[in-house]
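Note that the structure is a prediction, hence the values are computed from the model and not measured.
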Protein chains: 2
Amino acid sequence: MSATQYARIKQALRTRIESGELRPGDRVPSENQLVTQFGVSRMTARRALLELAEDGLLTRTQGLGSFVADNRPVSSITQIRNIAEEIRQRGHLHSCRVLGLETLVTDAALALKLGLAEGEELFRSELLHLENDVPLQWESRYVRAQLAPGYMDQDFTAHTPSAFLSAVAPLTEADQTVEAVLPGQAVAAALQMPTDQPCLKITRRTFSHRGVVSLAELWHPGERYRLGSHIDT
Amino acid sequence: MSATQYARIKQALRTRIESGELRPGDRVPSENQLVTQFGVSRMTARRALLELAEDGLLTRTQGLGSFVADNRPVSSITQIRNIAEEIRQRGHLHSCRVLGLETLVTDAALALKLGLAEGEELFRSELLHLENDVPLQWESRYVRAQLAPGYMDQDFTAHTPSAFLSAVAPLTEADQTVEAVLPGQAVAAALQMPTDQPCLKITRRTFSHRGVVSLAELWHPGERYRLGSHIDT
DNA sequence: AAGTGGTCTAGACCACTTG
DNA sequence: AAGTGGTCTAGACCACTTG
């Protein structure tokens, strides 16, 4: 349940779009129809449609209506690669196991890491990404509930969290750190690697125009993963 | 003249920000103050502030007010940092020990790694960079003699190889990979770290307009070094 | 207690597209 | 002429921050 009316309406429309019930080019309910359907004022219905348009899910034309936007090109940022796409580009099979899903509230430590206030609602997902059935990435992600309603209802074996997040809260900025560390027992077990072999760990914080969206820890077996980049001045 | 009220307000605030009258961190008029100043309703004043926040010019906090945002840093991962500058920027002492210097000729393996023909003359330097006398980076570098004559005569305790190379063969391109690995005996000893602790290893190939200039391996104790980057779309 | 931004209402007039 | 989105008003209650 969303805390606000406009978020409720946005989520309802988003679900209909993502399920395929509403396809690109289809007209979505008008502001006045949403007023009736959801029992809100027009300004509230309007806000839902405006924000979906901002996120790139709708296009709106005065006198005509609001329409589901064409599937956007996936490359919003080339620097941050989606692990699933990366694996598929190598011609390999990507699969994903969901190890955990929970809802929690920021304590002091988490608030500091994320740059948020204490007591804000978060989702947390813990996933394992495999390349040809060999573990490649252990992903632990905190997501700001407010900016990504519906996160907990996603099927992450079909679409990565990144893909969902870039749809609901398009990336405007990110910062990340890369470290070499030893894995803990749990991470080593998940990645099927010894605890005395190094991991490449990426800690990445992503932002949309509405602020921090998520904080992800991505652990990779040092043996099986390298980070490449090309620089053009 | 703007056609709409909210655009008029936005333009007025933007002018004050861009002129420097309002500086990063300064509070801008509240919604209610704008209502009085511009003779509009609060929803209209609000829209002006919201859109400026979306554009990244303002940050807004409930209970506090709206403030001119900090100038966005334009740093990107496309930046190759000089280890000496990086250390000095932290306000620490950089020092460097020359562990080895030699001249050699590419064999088959080296030719492949560098993307050169066999039998080309190379310089090789092996250095240790310290931060406040604690080892931070072990640097092994192959340099194409043809493009960097005089390399062997440099005093690397005064200027890093990067600094010299960027002067004689300006960087046009680079590719690099980042890995988590265990150090060998020699590297661990140089870095004063145990052999069972991970290293962050960067392998970087640099190009000038005349082709490959150098290939560097940069080893860092995982404990003491992290790689940060900021991405702006 | 006073001020801030966040959400929401129930209206209004308008420009625009279509049938 | 009927419906759409675009702009705007004058209120309301709320959560949050500070003095």
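- Side chains of A/H159 and A/Q154: a donor-acceptor N/O pair is absent below 3.5 angstrom, by distance only.
- D/dC8 atom P lies 16 Å from atom CZ of B/R46, rounded to whole Å.
- Closest contact between the side chain of B/T44 and the listed nucleotides C/dG5, D/dT18, D/dC8 involves D/dC8.
- Between A/S66 and D/dG5 there is a side-chain polar atom (N or O) within less than 4.0 angstrom of OP1 or OP2.
- Judged by the 6.0 Å distance and 45° axis criteria, B/R27 is not positioned over the aromatic ring of B/F67.
- Between A/Y6 and the phosphate of C/dC8, there is no side-chain N or O to OP1/OP2 separation shorter than 4.0 Å.
- Take the nearest nucleotide of DNA chain C for A/V40 and for A/L64: the residue whose nucleotide is more 5' is A/V40.
- Both B/E31 and A/T61 lie near DNA chain C, and the one whose nearest nucleotide falls closer to the 5' end is B/E31.
- A distance below 6.0 Å separates the ring centres of A/F156 and A/Y151.
- Protein atom CG of B/L34 is 15 Å distant from nucleotide atom C1' of D/dC8, rounded to whole Å.
- When both distances must be under 3.5 Å, the Watson-Crick or G-U wobble mate of C/dT9 is D/dA10.
- Atom P of nucleotide D/dA12 and atom CZ of B/R42 are separated by 13 Å, given to the nearest angstrom.
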Inset, instruction - Please report the C-alpha distance between A/S214 and A/R141 in whole Å, then the side-chain angles of each, then the deciding distance to 0.1 Å, and finally whether the side chain to side chain donor-acceptor pair (under 3.5 Å) criterion is met. - result: CA-CA 7 Å; A/S214 79; A/R141 189 183 291 268; 3.1 Å; yes
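- The separation between A/L52 atom CG and D/dG5 atom C1' is 15 Å, rounded to whole Å.
- Among the atoms of the strands shown, only primed sugar atoms or phosphate atoms (P, OP1, OP2) are found under 4.0 Å from some heavy atom of A/R47.
- Note: CG (B/N32) to P (D/dC16) measures 19 Å, nearest angstrom.
- At whole-Å resolution of the value, CG in A/L50 and P in D/dC8 are 14 Å apart.
- Per the geometry, CD belonging to A/Q146 stands 13 Å off C1' belonging to D/dC16, to the nearest Å.
- Between the side chain of B/R60 and the base of C/dG6, no donor-acceptor pair under 3.5 Å is found.
- Look at B/S41 and you won't find any side-chain N or O under 4.0 angstrom from OP1 or OP2 of D/dC8.
- As the counterpart of C/dA2, D/dT17 is assigned, both hydrogen-bonding distances of the Watson-Crick or G-U wobble pattern falling under 3.5 Å.
- Residue B/G39 is classed as a sugar-phosphate contact, given heavy-atom separations below 4.0 Å to backbone atoms only.
- By the 4.0 Å N-to-carboxylate-O rule, B/E31 lies close enough to B/R60 to be salt-bridged with it.
- Remark: C1' of D/dT18 and CZ of B/F67 are 11 Å apart, rounded to the nearest angstrom.
- An OP1 or OP2 oxygen of D/dT4 is reached within less than 4.0 angstrom by a side-chain nitrogen or oxygen of A/S30.
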